[in-house]
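Taking it in order: structure first as C-alpha cells, then the write-up.
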Amino acid sequence: KLQEKLDVVDEKVAALKADFGGRTAEALTLQQELDSATQTLDSAQSLLSKLGSERGRWAKQVDEISQEVRVLPHHSLLAAGFIAYLGRTPENVRKTVLEQWRSAIKIPGDSADTAWSFSRFMSSESEL
C-alpha cells in the first residue's frame with residue numbers, strides 16, 4: 001500500500017518535472033523573444049533620434065531651396081543680360097551695370113551680403 005502511494009507520488013513528481021521542463025523551455029523562448037524585441041526597440045529609438053536631428057537640417061535646406069526658387073527668375077534675367085550685354089565690357093563697368101540692374105529688378109531678400117555672381121549662377125556645385 002505504501003508502495004502504491006509512493007508510486008503515485010513518483011508519477012506526480014515525474015509529471016511536475018516534465019511540466020517544469022516545458023515551462024522552463026517556454027520561459028527561455030520568451031526571454032529570447034523579449035531580448036530580440038528590446039534590441040529592435042533600441043534600434044528604432046536610435047533611428048528616430050537620428051532622424052529628429054536630420055529634420056532640422058532638412059527644414060533648413062527646404063528654406064534655402066525655397067529662397068533660391070523665389071530668386072531664380074531674377075537671377076536668370078541678370079544672367080541673360082550679362083551674356084547679351086556685358087560679355088566684352090571691363091569688370092568695373094560690369095559691376096556698375098549689375099548693381100543698377102539688381103536695384104531695378106528688386107530681387108527678394110537681396111542684400112550686399114548676397115551679391116549675385118555670374119560664374120556661381122552658371123556653374124554646378126561640383127564645378128565650383
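The analysis underlying the following values was restricted to heavy atoms, covering all of them including side chains, and did not include hydrogens, waters or symmetry mates.
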side-chain contact (heavy atoms from CB on, under 4.5 Å) between D7 and V9, worked out
CA-CA 5 Å; D7 290 341; V9 169; over 6 Å; no
Is the shortest side-chain heavy-atom distance between Y85 and W101 below 4.5 Å?
yes
Are the side chains of R70 and S66 in touch, meaning some heavy atoms are under 4.5 Å apart?
yes
SB check E91 R94 (cutoff 4.0 Å)
yes
Among side-chain atoms of D63 and Q67, is any donor-acceptor pair under 3.5 angstrom?
no
When rounded to the nearest 0.5 Å, the distance separating OG of S53 from CH2 of W58 is 8.5 Å
Q61, CD: over 12 other non-hydrogen atoms inside 6.0 angstrom:
yes
Check this for me: F121, atom CZ, are more than 12 non-hydrogen atoms of other residues, nucleotides or ligands nearer than 6.0 Å?
yes
State the NE2-CZ distance between H75 and R120, to the nearest 0.5 angstrom.
9.0 Å
Reported NZ-to-NE2 distance for the pair K106 and H74, which is rounded to 0.5 angstrom:
10.0 Å
Between the CZ atom in R23 and the CG atom in L16, the distance rounded to the nearest 0.5 Å is 10.0 Å
For side-chain contact (heavy atoms from CB on, under 4.5 Å), just list the numbers for V97 and T89, CA-CA rounded to whole Å, side-chain angles, deciding distance to a tenth of an Å, and then say yes or no.
CA-CA 10 Å; V97 172; T89 58; over 6 Å; no
In Å, rounded to the nearest 0.5 Å, how long is the span from CG of L30 to CG of L28?
9.0 Å
For residues L77 and P73, determine if any side-chain heavy atom of one lies less than 4.5 Å from a side-chain heavy atom of the other.
no
Considering residues, nucleotides and ligands other than R57, do more than 12 of their heavy atoms fall under 6.0 Å from its CZ?
yes
Rounded to the nearest 0.5 Å, what separation is found between the CG atom of L78 and the CD1 atom of I83?
11.0 Å
Would you list the atom pairs, donor with acceptor, under 3.5 Å between side chains in residues 37-48 and any protein atom, with sequence neighbours excluded?
| from | atom 1 | to | atom 2 | distance (Å) |
| --- | --- | --- | --- | --- |
| T38 | OG1 | L34 | O | 2.8 |
| T40 | OG1 | S36 | O | 3.0 |
| S43 | OG | Q39 | O | 3.1 |

